[in-house]
Protein chains: 2
Amino acid sequence: MKISYKSDYALKTLLELALNYNKGVVSINDLAKKGDIPYKFLEQVLLTLKKGGFVDSKRGMSGGYYLAKPPDNITLGEAIRFIEGPIEPLICASKKRYDECKDFNTCALKDIWHQVYTATSMVIDSITFAELVRRAKAKQKGFPNYVYTI
Amino acid sequence: MKISYKSDYALKTLLELALNYNKGVVSINDLAKKGDIPYKFLEQVLLTLKKGGFVDSKRGMSGGYYLAKPPDNITLGEAIRFIEGPIEPLICASKKRYDECKDFNTCALKDIWHQVYTATSMVIDSITFAELVRRAKAKQKGFPNYVYTI
DNA sequence: TATAATTACTATTAATTTAGTAGTCATTAT
DNA sequence: ATAATGACTACTAAATTAATAGTAATTATA
């Protein structure tokens, strides 16, 4: 149930750019160092994020990347789904496949995966990068902001 | 965020054995056909499940597998964790690593993964194979038992 | 206008994980 | 004895993920 390094890198980077929103560009180099991400790998991730409309860039000397839209207009869910692809634990747990289901036993299991998927979606679709920025800043100020949702 | 085929096969098989609890053994062959699982692969999965104490077997002619403990004594969570290993989306989202966290930005993201992990755990740790059997049987009787938890 | 710093793009390779296959041995009901 | 079954170990293949390499294009600025 792991997420890939690619997604991890992408999200960390988006958060970094969100922290820098409206403050100019950040170079790949700085982003790579800050996030401890292999430069060349990050380069590709950023190109992907650009295609997805999450970031934009300025080329040439003193160029770099910046968030293409306001942080409160990007949810974690959008970003994750874009980078990671479908996040259903089982492909067949998607609505369409689910409806076609004919094997009653495994269907009982699919219900579970569907529940897991729904629970996960609720978490990641309801938080924006603006909120993440708020939390990150709160932490920096020494107010730990643990979130236990039980 | 996918689960592996191995886990999928393991859970389907456990459910099948749970449906057959106290009704004797089921051969690998039957389990493989029923679950549409490659025989040799299932063989290995079953050996793993046996080491984990989930199933037991009877060797020789008319041998086969059976659940090693009552279905209401096995949660999905136990089985998944045993086959799949840790289910945290990020390894560093585990409690220990989490406490050591020093990078405030990525910590904000780790909070999220922790939430996802918690939400997932709540689903899979609170359902037993006995309950899955009940649901599977209900479906067979023509009472679809969709579970939407929103 | 030369230079250095930077993004853009494409291709390749390496590493890891996952999925599946093969073959031989051991056990047991009939 | 034999046929049907599980036990065990090793291997291979396929897919995915992670990372690297190299060259081209762009741009600030000295």
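These figures come from a predicted structure and were not determined experimentally. Lettering of chains follows the sequences in order, A, B, ..., and the numbering in each one begins at 1.
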Acceptor/donor pairs from residues 21-29 of chain A side chains to any protein atom, 3.5 angstrom cut, sequence neighbours excluded:
residue	atom	partner	partner atom	Å
A:Ser27	OG	A:Asp30	N	3.1

At under 4.0 Å between heavy atoms, how does the protein contact nucleotides 10-20 of chain C? Give one character per nucleotide, 5' to 3', with B, S or -. -B-------SS
Take atom CG of B:Asp56 and atom P of D:dA7, then tell me their distance rounded to the nearest Å. 8 Å
Does C:dT7 have OP1 or OP2 under 4.0 Å away from a side-chain N or O of A:Tyr66? no
Please check the phosphate of D:dG6 (OP1 and OP2 only) for any side-chain N or O of B:Tyr39 closer than 4.0 Å. yes
How does each nucleotide of nucleotides 23-30 of chain D score, in 5' to 3' order, for protein heavy atoms under 4.0 Å: base (B), sugar-phosphate only (S), or none (-)? --BBBB--
For B:Tyr9, ring pair (Phe, Tyr, Trp, His ring centres under 6.0 Å) partners two or more places apart: B:Tyr5, B:Phe41
Any pair with a residue in residues 37-48 of chain B that passes salt bridge (charged side-chain N to carboxylate O under 4.0 Å, His left out), sequence neighbours left out, goes on the list, sorted by first then second residue, please. B:Lys40-B:Glu43
Side-chain donor/acceptor of A:Lys139 to backbone N/O of B:Ala108, under 3.5 Å: no
Distance alone, cut at 3.5 Å: any donor-acceptor contact between the side chains of B:Ser7 and B:Arg81? no
Separation of B:Lys50 atom NZ from C:dT27 atom C1', in whole Å? 11 Å
Can you check the A:Ile83 CD1 to D:dA18 C1' distance for me, whole Å? 14 Å
Separation of A:Ile28 atom CD1 from C:dA8 atom C1', in whole Å? 9 Å
Let's go through A:Thr48 and A:Phe82 carefully: what are the C-alpha distance in whole Å and the side-chain angles of both, what is the deciding distance for side chain to side chain contact (heavy atoms under 4.5 Å, CB included) to 0.1 Å, and is it a yes or a no? CA-CA 9 Å; A:Thr48 305; A:Phe82 178 72; 3.8 Å; yes
Residue pairs passing the salt bridge (charged side-chain N to carboxylate O under 4.0 Å, His left out) test where at least one lies in residues 54-75 of chain B, sequence neighbours excluded: B:Lys69-B:Glu78
From CG of B:Asp30 over to C1' of D:dA4, roughly how many Å is that when rounded to an integer? 12 Å
Note: B:Lys12-B:Asp36 ion pair, threshold 4.0 Å (strictly below): no
